[in-house]
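Heads up, the thing below is written out as structure tokens.
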Amino acid sequence: MMRPRRWLVGTLLVLSASTAEARQMAARGAAGAPAEPYRGAILVDAASGQVLFEENAHRQSPPASMTKMMLMLLVAERVRDGEMRWHDPIPTSAWASRMGGSQVYLKEGEVFSLEEMMQAIVIHSANDAAVAVAEAVAGSAEAFVDLMNERAKALGMNDTVYHSVHGLPPDKGEEPDLTSAYDLAVLARELVKFPEIMRWAGTKEVPFRQGAMTLTNTNRLVRETNWVDGLKTGYYREAGFSVTATGVKKGFRLIAVVLGAPEKRDCFGRAAALLNQGFAKYEQVVALNEGDTVTNNLLVRGGKPRFVRVVAGGTVTVLTKRGEKRNFSIAVEVPKDVHAPLQASAPVGEVVVRDGDAVVGRVPAVTADAVEKQVSLWERLFN
């Protein structure tokens with residue numbers, strides 16, 4: 001079992017405005033070369049996963065507290081599937097109560113609801129709450145780490161390996177959690193599907209312990225803007241400053257990840273710049289509207305009428321650079337034989353939308369009207 005954490009995570013050095021030379025030296029490595037602005041970064045469209053910008057996106061680096069994003073996903077999925085409920089009581093073990101770093105100072109035996117524990121994790125990045133929740137789900141933090149790695153593999157997060165549920169620096173003999181900017185964007189795309197997680201991730205502050213303390217969001221962009229609504233930050237000295245930030249403007253959502261920046265202000269500044277540039281350079285174009293007719297004459301075997309109109313069962317939108325022309329085409333894929341009877345809005349196949357040769361969306365192909373079964377003369381005479 002890992003040793004309890006008794007230390008504080010990282011130390012910030014405050015420099016006066018007059019120490020310009022010292023500031024420049026701190027920004028350089030041992031060899032005198034300029035420090036990297038970050039270890040990896042990426043900007044993606046949340047809906048489609050389209051990559052709008054990337055730099056060293058698959059380079060592995062410790063995510064620090066952004067490790068908790070996988071815990072957030074596993075818990076949200078279990079609540080969605082009915083395996084857990086937000087009002088479930090979560091007890092605090094002796095081990096959980098000894099976690100260091102960011103915490104809400106849980107005492108052994110203290111019980112909070114799953115919702116309260118998750119607020120402490122998502123908003124305040126509480127390590128003690130993360131361990132308590134992990135133990136409640138899997139029986140131990142170690143068993144929960146196994147679940148985290150299984151889910152990462154299922155999501156195709158090939159740059160990721162977890163060794164903890166909280167992301168604290170490893171003790172001597174332990175391995176650090178590792179991931180990449182790309183993998184964090186994959187994980188974020190899953191998390192934005194859960195309204196509860198996003199509500200907490202976008203909360204600036206909330207009372208805890210019946211108002212005895214306040215949970216303040218660690219994400220500066222959430223605190224200082226009205227359009228960034230998540231998602232998670234991470235920091236310890238060796239890992240650098242990191243953020244997974246997501247925001248909504250002009251009807252679509254973007255996700256920016258900056259991993260391993262040497263300065264906090266650079267981390268948040270670069271994430272904000274990526275998001276702003278994305279919203280400035282791209283727009284959402286509708287390639288197909290729900291209800292659009294895709295064919296007027298689908299043959300229905302034994303149907304009355306024999307042909308039925310088919311419409312798109314969903315909307316396909318594509319993120320495109322402003323002013324860029326796109327060449328959308330639509331194909332309807334249905335089985336060779338479609339038989340009556342059919343109800344209105346019955347799925348009969350798929351509508352595939354392409355931009356040139358690339359598939360940009362798929363939605364169900366559904367009937368616009370009901371189709372009755374044609375009754376034969378024999379059936380009319382003898383039924």
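All values below were derived from every heavy atom in this structure, side-chain atoms included, with hydrogens, water molecules and symmetry-related copies excluded.
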Check the pair Ser93, Glu135 against side chain to side chain donor-acceptor pair (under 3.5 Å), reporting the backbone distance first and the verdict last. CA-CA 8 Å; Ser93 69; Glu135 291 175 336; 2.7 Å; yes
Apply ring pair (Phe, Tyr, Trp, His ring centres under 6.0 Å) to the pair Phe241 and Tyr38, showing each step before the final yes or no.
-> CA-CA 9 Å; Phe241 293 92; Tyr38 44 69; over 10 Å; no
- Item | Worked verdict on Arg322 versus Glu283 for salt bridge (charged side-chain N to carboxylate O under 4.0 Å, His left out) | CA-CA 6 Å; Arg322 293 186 178 277; Glu283 62 182 343; 3.5 Å; yes
Fill in: Val363 and Leu288: CA distance, side-chain angles, deciding distance, side chain to side chain contact (heavy atoms under 4.5 Å, CB included) verdict
CA-CA 9 Å; Val363 294; Leu288 180 69; 3.9 Å; yes
Quiz prompt | Audit row: Asn158, Lys153, side chain to side chain donor-acceptor pair (under 3.5 Å) steps and yes/no | solution = CA-CA 7 Å; Asn158 298 322; Lys153 184 177 180 180; over 6 Å; no
**Asked** Step by step, would you call Val318 with Ser48 a side chain to side chain contact (heavy atoms under 4.5 Å, CB included)?
**Response** CA-CA 8 Å; Val318 179; Ser48 67; over 6 Å; no
Given Met148 and Leu74, is the side chain to side chain contact (heavy atoms under 4.5 Å, CB included) satisfied, shown in steps? CA-CA 8 Å; Met148 293 168 68; Leu74 290 174; 3.8 Å; yes
Fill in: Residues Val104, Gln119; criterion side chain to side chain contact (heavy atoms under 4.5 Å, CB included); working and verdict
CA-CA 11 Å; Val104 286; Gln119 286 181 343; over 6 Å; no
Open item on the list: Asp177 vs His163, test: side chain to side chain donor-acceptor pair (under 3.5 Å). Steps then yes/no.
Closed with: CA-CA 5 Å; Asp177 306 298; His163 296 284; 5.9 Å; no
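Environment of CZ in Arg209: crowded, with over 12 heavy atoms of neighbouring residues, nucleotides or ligands closer than 6.0 Å. In Asp337, the CG atom is crowded: over 12 heavy atoms of neighbouring residues, nucleotides or ligands sit closer than 6.0 Å. Counted within 6.0 Å of NZ on Lys321, heavy atoms from surrounding residues, nucleotides or ligands total 12 or fewer; the atom is thus considered open.
For the atom pair CE of Met70 and CZ of Phe144, the computed distance is 9.0 Å after rounding to the nearest 0.5 Å. The distance from the CG atom of Asn127 to the OG atom of Ser102 is 6.0 Å, given to the nearest 0.5 Å. Atom CZ of residue Arg189 and atom OG1 of residue Thr246 lie 11.5 Å apart, to the nearest 0.5 angstrom. Atom CD of Glu238 sits about 11.0 Å away from atom OG of Ser61, to the nearest 0.5 Å. Here Ile42 contributes atom CD1 and Ile255 contributes atom CD1; the two are 9.5 Å apart, rounded to the nearest 0.5 Å. Rounding to the nearest 0.5 Å gives a distance of 12.0 Å between OG1 of Thr216 and NZ of Lys204.
Under a 3.5 Å cut-off, the side chain of Asp128 and the backbone N or O of Tyr105 do form a donor-acceptor pair. Side chain of Asp266 to main chain of Pro262: no donor-acceptor pair is present (N/O by atom type, distance under 3.5 Å, no hydrogens or angles). At least one donor-acceptor pair under 3.5 Å links the side chain of Glu110 to the backbone N or O of Lys107. The closest donor-acceptor contact from the side chain of Ser65 to the backbone of Gly167 lies at 3.5 Å or more, if one exists at all. Here the side chain of Glu224 pairs no donor or acceptor atom with the backbone of Leu221 at under 3.5 angstrom. Side chain of Asn217 to backbone of Ala201: a donor-acceptor contact under 3.5 angstrom is found. Judged by distance alone, with hydrogens and angles left aside, the side-chain atoms of Asp88 form no donor-acceptor pair with the main-chain N or O of Met84 at under 3.5 Å. One N or O on the side chain of Lys68 and one on the backbone of His166 form a donor-acceptor pair closer than 3.5 Å. Although no hydrogens or angles enter the test, the distance criterion places no donor-acceptor pair under 3.5 Å between the side chain of Thr293 and the main chain of Thr295. At distances below 3.5 Å, at least one donor-acceptor pair connects side-chain atoms of Ser242 with backbone N or O atoms of Gly260.
The heavy-atom pair separating Ala120 from Ala129 by the smallest distance is CB-CB, 4.1 Å. Contact record, Ala261 with Val258: CB-CG1, 4.3 Å, taken as the closest heavy-atom pair. When all heavy atoms of Ala245 and Ala271 are compared, the pair lying nearest together is CB-CB, 4.4 Å. In plain terms, the two heavy atoms of Ala41 and Leu274 that are nearest each other are CB-CD1, 4.3 Å. Taking both residues in full, the closest heavy atoms of Gln50 and Leu319 are given as OE1-O, 3.2 Å, listed atom of the first, atom of the second, then distance. Across all their heavy atoms, Val360 and Val316 have their closest contact at O-CG1, 4.0 Å.
Using a cutoff of 4.0 Å between basic side-chain nitrogens and carboxylate oxygens, Glu77 and Arg151 are scored as salt-bridged. Between Arg362 and Glu350, at least one side-chain N (NZ, or NE/NH1/NH2) sits under 4.0 Å from a carboxylate O, which counts as a salt bridge. By the 4.0 Å N-to-carboxylate-O rule, Asp81 lies too far from Arg78 to be salt-bridged with it. Here Arg253 pairs with Asp229 in a salt bridge; the nearest charged N to carboxylate O distance falls below 4.0 Å. Between Arg326 and Glu324 a salt bridge is recorded (basic side-chain N to carboxylate O distance below 4.0 Å). In this structure, Glu55 does not pair ionically with Arg270, as no charged nitrogen and carboxylate oxygen lie closer than 4.0 Å. Classification of Lys193 and Glu190 as a salt-bridged pair holds, one side-chain N sitting under 4.0 Å from a carboxylate O.
The same ILVMFWY cluster, assembled from side-chain heavy atoms under 4.5 Å apart, contains both Tyr162 and Met99. Cluster annotation: Leu254 and Met198 are assigned to distinct hydrophobic clusters (Ile/Leu/Val/Met/Phe/Trp/Tyr, side-chain heavy-atom contacts under 4.5 Å, transitive). Val311 and Val294 fall into different hydrophobic clusters, defined by Ile, Leu, Val, Met, Phe, Trp and Tyr side-chain heavy atoms under 4.5 Å apart, directly or through other members. Note on Leu147: it clusters hydrophobically with Val186, by side-chain heavy-atom contacts below 4.5 Å among ILVMFWY residues. Hydrophobic clustering places Ile123 together with Met213 (ILVMFWY residues linked when any side-chain heavy atoms are closer than 4.5 Å, directly or through intermediates).
Residues Thr160 and Asp183 have side chains that bring a donor and an acceptor to within less than 3.5 angstrom of each other. A donor atom on one side chain and an acceptor atom on the other are found under 3.5 Å apart for Ser125 and Lys232.
Judged as a side chain to side chain contact (heavy atoms under 4.5 Å, CB included), and not counting sequence neighbours, the contacts of Ser113 are Glu115, Glu116.
Ring orientation note: the planes of Phe252 and Phe279 are tilted relative to one another, at an angle of 30° to 60°.
Here the side chains of Val51 and Leu43 are not in contact, with every heavy-atom distance at 4.5 Å or above. Using a 4.5 Å cut-off on side-chain heavy atoms (C-beta onward), Glu108 and Thr92 make no contact. Taking 4.5 Å as the limit, every side-chain heavy atom of Val300 sits out of range of all side-chain heavy atoms of Arg306. The shortest distance between side-chain heavy atoms of Thr244 and Met69 falls below 4.5 Å.
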